[in-house]
Amino acid sequence: MLEECTSDLILMDVHMPEMDGIEATHRIRERACYEHVPIRAVTANVMESDHLTYLAVGMNGIITKPYDDDSGHNGTAA
């Protein structure tokens, strides 16, 4: 999937088995064609320190769970 370089947006689950979202983001950002593709962390973590870590590794924002699309607020940062 990374070879095609066709994504316009990546929603990254932070907690996944085998490889977490931080490692996956590192691997995606190694590919030049994904340099400007936004990556949004999807997480239930609400700690500011966690969110700052996600931004520091190359994610462009955070969507917190549970997501309420009826509120008009999507929980994104940055």
Side-chain angles (χ1 to χ4, degrees):
M1 182 153 97
L2 285 179
E3 293 79 22
E4 296 176 14
C5 296
T6 58
S7 299
D8 295 320
L9 170 69
I10 298 170
L11 298 176
M12 180 64 66
D13 191 341
V14 174
H15 299 286
M16 300 181 290
E18 297 185 34
M19 180 188 311
D20 65 17
I22 292 172
E23 177 62 26
T25 298
H26 281 295
R27 292 186 186 194
I28 291 168
R29 291 296 187 212
E30 289 175 349
R31 300 190 53 85
C33 62
Y34 285 103
E35 183 178 352
H36 299 292
V37 175
I39 300 175
R40 301 280 192 243
V42 179
T43 182
N45 294 343
V46 296
M47 299 293 293
E48 182 180 6
S49 60
D50 291 331
H51 290 194
L52 292 173
T53 298
Y54 307 148
L55 296 172
V57 300
M59 296 182 194
N60 304 97
I62 296 95
I63 299 172
T64 55
K65 300 185 281 188
Y67 175 79
D68 180 9
D69 62 351
D70 291 333
S71 73
H73 173 71
N74 65 4
T76 58

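Hydrogens, waters and symmetry mates play no part in the numbers below; they use all other heavy atoms, side chains included.
- With sequence neighbours excluded, the residues that form a side-chain contact (heavy atoms from CB on, under 4.5 Å) with Asn45 are His15, Thr43, Asp50, Tyr54.
- Here His36 contributes atom NE2 and Arg29 contributes atom CZ; the two are 9.5 Å apart, rounded to the nearest 0.5 Å.
- The structure places CG of Asp13 at 4.5 Å from NZ of Lys65, a figure rounded to the nearest 0.5 Å.
- A distance of 10.0 Å separates CD1 in Ile10 from CE in Met59, rounded to the nearest 0.5 Å.
- Rounded to the nearest 0.5 Å, atoms CD (Glu23) and CE (Met12) are 10.5 Å apart.
- For Asp8 against Pro38, the heavy-atom pair with the smallest separation is O-CD, 3.3 Å.
- Other residues, nucleotides and ligands place more than 12 heavy atoms under 6.0 Å from the CE atom of Met19.
- At distances below 3.5 Å, at least one donor-acceptor pair connects side-chain atoms of Asn60 with backbone N or O atoms of Ile39.
- A continuous path of Ile, Leu, Val, Met, Phe, Trp and Tyr side chains, each step under 4.5 Å between heavy atoms, connects Val42 with Leu9, placing both in one hydrophobic cluster.
- Linking Ile, Leu, Val, Met, Phe, Trp and Tyr residues whenever their side-chain heavy atoms come within less than 4.5 Å leaves Val46 and Ile63 in two separate clusters.
- Between atom CZ of residue Arg40 and atom OG1 of residue Thr25 there is a gap of 12.0 Å, rounded to the nearest 0.5 Å.
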